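Worth knowing before you read on, the calculation uses all heavy atoms, side chains too, and leaves out hydrogens, waters and symmetry mates. Every value quoted in this text rests on a predicted model; they were computed, and no experiment measured them.
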Amino acid sequence: MHRLTEEDIRVECANGAVWVLGDPAFATMLVKERQSWLYLSKLAANESRRGQGLARILVEHAAIYAKDMNLKGIELETRVELTENHTAFGRMGFVKTGEGIHECFDRPTYIVMRR
């Protein structure tokens, strides 16, 4: 999230929304509808605030929002090498439903998880 420019965030808002905890922000997540799922991306928490359940708070709100919008559920992608994230999302009820390959690679580079 820290690499996004102001223009990048504007584009994301045009296609979805940026959810923020705190003022100033200490946790953020981008959300948008994608093929009847609520797609979550760029879930991030300030390093000093990690381990406080902020990701879970954002994810739980997303699940409620998806249900209220009659979507199938929530979906995210996480890089293959970020196994700690796979575990954390698994504890939040996500299951692996697929894999994908970023451009210029010949092997899976991310996994798709849904709840």
Side-chain angles (χ1 to χ4, degrees):
M1 185 70 170
H2 68 277
R3 292 185 202 139
L4 295 179
T5 66
E6 190 174 324
E7 181 58 26
D8 292 334
I9 294 170
R10 255 194 271 292
V11 169
E12 290 296 331
C13 285
N15 296 313
V18 178
W19 290 4
V20 177
L21 295 177
D23 183 15
F26 52 79
T28 58
M29 179 172 69
L30 305 180
V31 298
K32 66 182 169 187
E33 188 175 334
R34 185 168 87 169
Q35 300 172 341
S36 299
W37 291 85
L38 186 64
Y39 178 68
L40 317 180
S41 64
K42 305 294 189 241
L43 178 55
N46 184 292
E47 193 169 340
S48 67
R49 302 292 299 261
R50 292 186 185 151
Q52 297 179 5
L54 301 173
R56 183 176 294 277
I57 290 168
L58 288 166
V59 166
E60 292 305 322
H61 282 283
I64 292 166
Y65 181 80
K67 183 177 180 181
D68 289 348
M69 298 300 293
N70 294 315
L71 298 173
K72 294 177 181 178
I74 51 180
E75 174 183 71
L76 56 81
E77 297 170 355
T78 181
R79 293 194 316 252
V80 168
E81 67 272 13
L82 299 179
T83 57
E84 289 179 8
N85 287 359
H86 308 171
T87 301
F89 290 127
R91 285 193 307 265
M92 290 184 226
F94 285 88
V95 295
K96 179 180 173 180
T97 59
E99 296 178 334
I101 302 171
H102 287 101
E103 191 175 316
C104 298
F105 287 87
D106 60 357
R107 60 171 175 72
T109 55
Y110 64 91
I111 65 170
V112 178
M113 300 183 84
R114 289 182 172 167
R115 176 177 139 182

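- Open room surrounds OH on Y65; 12 or fewer heavy atoms of other groups in view lie less than 6.0 Å from it.
- Side-chain contact between L40 and F94 is present, with at least one heavy-atom pair separated by less than 4.5 Å.
- Taking CD of E77 as the start and CD1 of I111 as the end, the distance is 10.0 Å to the nearest 0.5 Å.
- Note on L71: it clusters hydrophobically with M92, by side-chain heavy-atom contacts below 4.5 Å among ILVMFWY residues.
- Here the side chains of T28 and K42 are not in contact, with every heavy-atom distance at 4.5 Å or above.
- Here the shortest heavy-atom pairing between G73 and A66 reads O-CB, 3.7 Å.
- Note that CG of L21 and CD1 of I57 are 6.0 Å apart. Values are rounded to the nearest 0.5 Å.
- Every pair tested for side chain to side chain donor-acceptor pair (under 3.5 Å) that includes a residue from residues 12-21 fails, sequence neighbours excluded, so the list is empty.
- Heavy atoms of other residues, nucleotides or ligands lying less than 6.0 angstrom from CD of Q35 number 12 at most.
- Between the side chain of D8 and the backbone N or O of T5, at least one donor-acceptor pair lies under 3.5 Å.
- What you find for L76 and Y39 is that their closest heavy atoms are CA-CE1, 4.0 Å.
- Judged purely by atom type and a 3.5 angstrom limit, R49 has no side-chain atom pairing as donor or acceptor with the backbone of A27.
- If you take CG on L43 and CG on L54, they are separated by 9.5 Å, rounding to the nearest 0.5 Å.
- Taking CG from N70 and OG from S36, the interatomic distance works out to 10.5 Å, rounded to the nearest 0.5 Å.
- For the atom pair CD1 of I74 and CE of M113, the computed distance is 11.0 Å after rounding to the nearest 0.5 Å.
- K32 approaches G16 most closely through the heavy-atom pair CB-CA, 3.9 Å.
- Shortest non-hydrogen contact noted between V20 and A25 is CG1-CB, 3.3 Å.
- Judged as a side chain to side chain donor-acceptor pair (under 3.5 Å), the pairs with a partner in residues 81-90 (not counting sequence neighbours) are, in order, R79-E81.
- Between M29 atom CE and H61 atom NE2 the span is 9.5 Å, to the nearest 0.5 Å.
- Scanning both residues, R115 and W37, for their nearest heavy atoms gives O-CZ3, 3.8 Å.
- For K96, the salt bridge (charged side-chain N to carboxylate O under 4.0 Å, His left out) test picks out E99, with sequence neighbours left out.
- Considering all non-hydrogen atoms of both residues, A62 and L38 come closest at O-CD2, 3.5 Å.
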